[in-house]
*Asks:* 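Sharing a structure with you now.
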Amino acid sequence: QQQVKQSPQSLIVQKGGISIINCAYENTAFDYFPWYQQFPGKGPALLIAIRPDVSEKKEGRFTISFNKSAKQFSLHIMDSQPGDSATYFCAASKNDYKLSFGAGTTVTVRA
Amino acid sequence: DTAVSQTPKYLVTQMGNDKSIKCEQNLGHDTMYWYKQDSKKFLKIMFSYNNKELIINETVPNRFSPKSPDKAHLNLHINSLELGDSAVYFCASSGTHGYTFGSGTRLTVV
């Protein structure tokens, strides 16, 4: 069964807007939560990752929020740009091993 | 210099054939993986090798056989290909900075 549930399946945002993607997990042993970005014809590329000892991590326009008690984490893309149009995957693993992926969210940024 | 490279990028073959996909990483990682991405883009792990030793074998038909000649290489051989094997197959390796994926092999079985 899918260990990480991701929503929404797709979203459209205007240039300059905020994109928010949510993920939930069940396995409390997970201790590593990365987000991957995938462009058509390419492999997933690591975007940003968080461990459960912090509640938020920011890298440039990308922020992960993590809620350990709710077993949820989310990706916020601030000031969305057309170049951010891609599929985003959340994932989770224990000890950086055997990543389980969410189903993916296709983000379209309209100019 | 590509970190994780896999060949071929595209593979079109008939049902019943046997094919191989090759993967090489130059990152010095000990662990390598094969993932399958289906038509809905869902990524599912198939196999994992750590220093040439198989450590993960998910529920994959035994027509799929991985081989790791050394820790920098992980190949995937598929026997008796079926229509349902059509997908994109990604090789990946993992180290201290997370997973690095190859650019994928799109397999189409006709």
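All values below were derived from every heavy atom in this structure, side-chain atoms included, with hydrogens, water molecules and symmetry-related copies excluded.
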*Asks:* Flag the one option from A:Gly102, A:Gly43, A:Pro44 with the top tally of heavy-atom pairs under 4.5 Å to chain B.
*Replies:* A:Pro44

*Asks:* With a 4.5 Å cut-off on heavy-atom pairs, point out which of A:Ser100, A:Gly41, A:Gly104, A:Ala49 contacts chain B the most.
*Replies:* A:Gly41

*Asks:* Quick one: what part of A:Ser93 sits under 4.5 Å from any heavy atom of chain B, side chain, backbone, both or neither?
*Replies:* neither

*Asks:* Examine whether an atom of B:Gln37 lies under 4.5 Å from a heavy atom of chain A, and if so say whether it belongs to the side chain, the backbone or both; otherwise answer neither.
*Replies:* side chain

*Asks:* Taking atom types as modelled, find out whether A:His76 and A:Thr63 have a side-chain donor-acceptor pair closer than 3.5 angstrom.
*Replies:* no

*Asks:* To the nearest 0.5 angstrom, please state how far the NZ atom of A:Lys68 sits from the CZ atom of A:Arg51.
*Replies:* 12.5 Å

*Asks:* Report which part of A:Gln38 has an atom under 4.5 Å of a heavy atom belonging to chain B: side chain, backbone, both, or neither.
*Replies:* side chain

*Asks:* Nearest 0.5 Å, please: how far is CH2 in A:Trp35 from CD1 in A:Ile21?
*Replies:* 5.0 Å

*Asks:* Side chain, backbone, both or neither: which part of B:Tyr33 has a non-hydrogen atom closer than 4.5 Å to chain A?
*Replies:* side chain

*Asks:* Give, as side chain, backbone, both or neither, the part of B:Leu43 having an atom under 4.5 angstrom from any heavy atom of chain A.
*Replies:* both

*Asks:* Following the transitive rule for hydrophobic clusters with a side-chain heavy-atom cut-off under 4.5 Å over Ile, Leu, Val, Met, Phe, Trp and Tyr, establish whether A:Tyr25 and A:Leu47 coincide in one cluster.
*Replies:* yes

*Asks:* Please check if any side-chain donor atom of A:Asp79 sits under 3.5 Å from a side-chain acceptor atom of A:Gln81, or the reverse.
*Replies:* yes

*Asks:* Which region of B:Lys40, side chain (C-beta onward) or backbone (N, CA, C, O), has a non-hydrogen atom less than 4.5 Å from a non-hydrogen atom of chain A, or is it both or neither?
*Replies:* backbone

*Asks:* Is any side-chain heavy atom of B:Tyr99 less than 4.5 Å from a side-chain heavy atom of A:Leu46?
*Replies:* no

*Asks:* Non-hydrogen atoms of chain B under 4.5 Å away: do they reach the side chain of A:Lys42, the backbone, both or neither?
*Replies:* backbone

*Asks:* With distance as the sole criterion, is a donor-acceptor pair present between the side chains of A:Ser80 and A:Asp84 under 3.5 Å?
*Replies:* no

